[in-house]
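Single-structure report; data block below.
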Amino acid sequence: MSSQDYVRLLDATIQHLERLRSDGVKFLPIAPSTLAALGAPTPKSNDPKSSSTASPKVAPTPATNSPQTRATGTPGRTASPRFPEEMAESFDTAKASLTPSILPISSTPAVLIPTTDVSRPLPPPLEHPGKIAAMHSLRERALACTRCAPLAKARKSVVVGVGDVAARLLFVGEAPGEEEDAQGEPFVGAAGQKLTQIIQAMGLTRETVYIANVLKCRPDTPSQAYGNRKPRPEEMSTCLPYLQEQIEIIQPQVIVALGATAMEGLFGKASVFITKVRGDWQSFRGIPVMPTYHPSYILRNQSLSVKRQVWEDMLAVMERLSLPISDKQRGFFLNPAG
Ligand code: SF4
């Protein structure tokens with residue numbers, strides 16, 4: 001593994017752990033053998049490359065060898081100097097030691113999502129009564145769906161979506177969390193309230209847009225007492241036809257993809273770095289898609305610049321929809337008083 005690959009892998013791992021933490025995950029199951037591999041001392045080297053290699057940030061090292069090891073309680077810390085190659089080797093050793101029962105949470109089998117044909121044209125649009133009937137039919141099928149047996153067994157609700165079936169704007173998230181599962185509606189927790197604020201700041205309401213997730217059932221968390229987990233690629237690809245159908249019914253003028261996982265699920269991509277793609281228009285079956293940060297990212301990163309980035313994405317969406325934009329709206333989050 002090259003140094004670059006290693007850094008990419010480490011970045012992805014840190015992002016994954018931070019995402020789990022933001023979703024409320026406090027513990028990750030981890031095998032004792034994995035802990036041993038991760039904690040193994042690394043041989044020192046006098047190779048001059050080591051002094052020029054920036055010390056990367058790494059996820060917290062678990063403190064115990066309990067099967068339920070605290071993995072997200074400490075912010076990322078600076079690793080002691082090591083060669084990336086050595087750390088990659090250590091990571092590979094650890095990865096190889098993971099048992100199948102651990103893999104679902106800690107690995108991202110990126111190749112499992114089939115490629116989505118994002119250029120397939122949409123069918124002719126339905127009239128309003130046809131949209132209502134089609135969405136009702138979809139809802140009935142989704143409520144009875146058991147394609148993902150563990151999720152169907154664990155769920156309280158199938159969270160199909162909410163809003164206007166003729167909306168011009170569709171927000172797409174990744175999956176219901178604990179609160180969404182309990183209430184049967186997407187984006188009703190803290191992140192949901194943040195999304196509602198964003199929608200209202202755009203001069204819209206939840207009733208005039210449509211909100212849906214790639215996955216309609218909450219990802220099960222059999223090894224956790226509470227918290228949520230990121231959907232697996234195969235779960236998203238299994239459920240994606242429902243979202244595809246919703247998009248065909250609604251035929252929104254713009255889609256906002258909330259976070260990297262929503263982008264991965266929607267486009268069938270293995271790995272999306274939201275920091276790289278946010279703000280750049282994409283196209284899904286002819287519909288412009290604006291990728292932006294997930295509201296939970298704003299909640300855990302309260303910096304003005306992140307709020308402004310999301311707001312600039314929304315301003316671009318408003319312009320695309322020819323929505324009126326006041327001077328006050330244009331100036332949101334440009335200064336500490338914004
Ligand atoms: S996540 Fe989607 S495909 Fe899987 S059981 Fe639920 S509705 Fe069915």
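Computed from a predicted model, the values in this text were never measured in an experiment. First listed ligand is number 1; within each ligand, the first listed atom is number 1. These numbers come from the heavy atoms of this one structure, side chains and all, not from hydrogens, waters or symmetry mates.
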Distance below 2.8 Å from atom 8 (Fe) of ligand 1: how many protein N/O/S atoms qualify? 1
Check residues 191-199 and write down every donor-acceptor pair under 3.5 Å in which the side-chain atom is one partner and the other belongs to a residue at least two apart or another chain.
| residue | atom | partner | partner atom | Å |
| --- | --- | --- | --- | --- |
| Lys194 | NZ | Gln197 | OE1 | 3.0 |
| Thr196 | OG1 | Gly192 | O | 2.9 |
| Thr196 | OG1 | Arg206 | NH1 | 3.0 |

Part of Arg155 within contact of ligand 1 (heavy atoms, under 4.0 Å): side chain
Enumerate the side-chain hydrogen bond (donor to acceptor under 3.5 Å, both in side chains) contacts for residues 313-322, please, sequence neighbours excluded, ordered by first and then second residue. Arg278-Asp313, Thr292-Asp313, Glu319-Arg330
side-chain hydrogen bond (donor to acceptor under 3.5 Å, both in side chains) contacts in which one or both residues fall within residues 119-131, not counting sequence neighbours: Asp117-Ser119
Run the numbers for me: atoms of ligand 1, each under 4.0 Å from some heavy atom of Leu215, listed by number. 1 (S)
Checking Asp181 side chain against Arg155 main chain: does a donor-acceptor pair fall under 3.5 Å? no
Check whether any side-chain heavy atom of Val272 lies under 4.5 Å from a side-chain heavy atom of Val277, and answer yes or no. yes
Side-chain heavy atoms under 4.5 angstrom apart, residues restricted to Ile, Leu, Val, Met, Phe, Trp, Tyr: same cluster for Ile255 and Ile250? yes
Side-chain donor-acceptor contact under 3.5 Å, Gln183 with Lys156: no
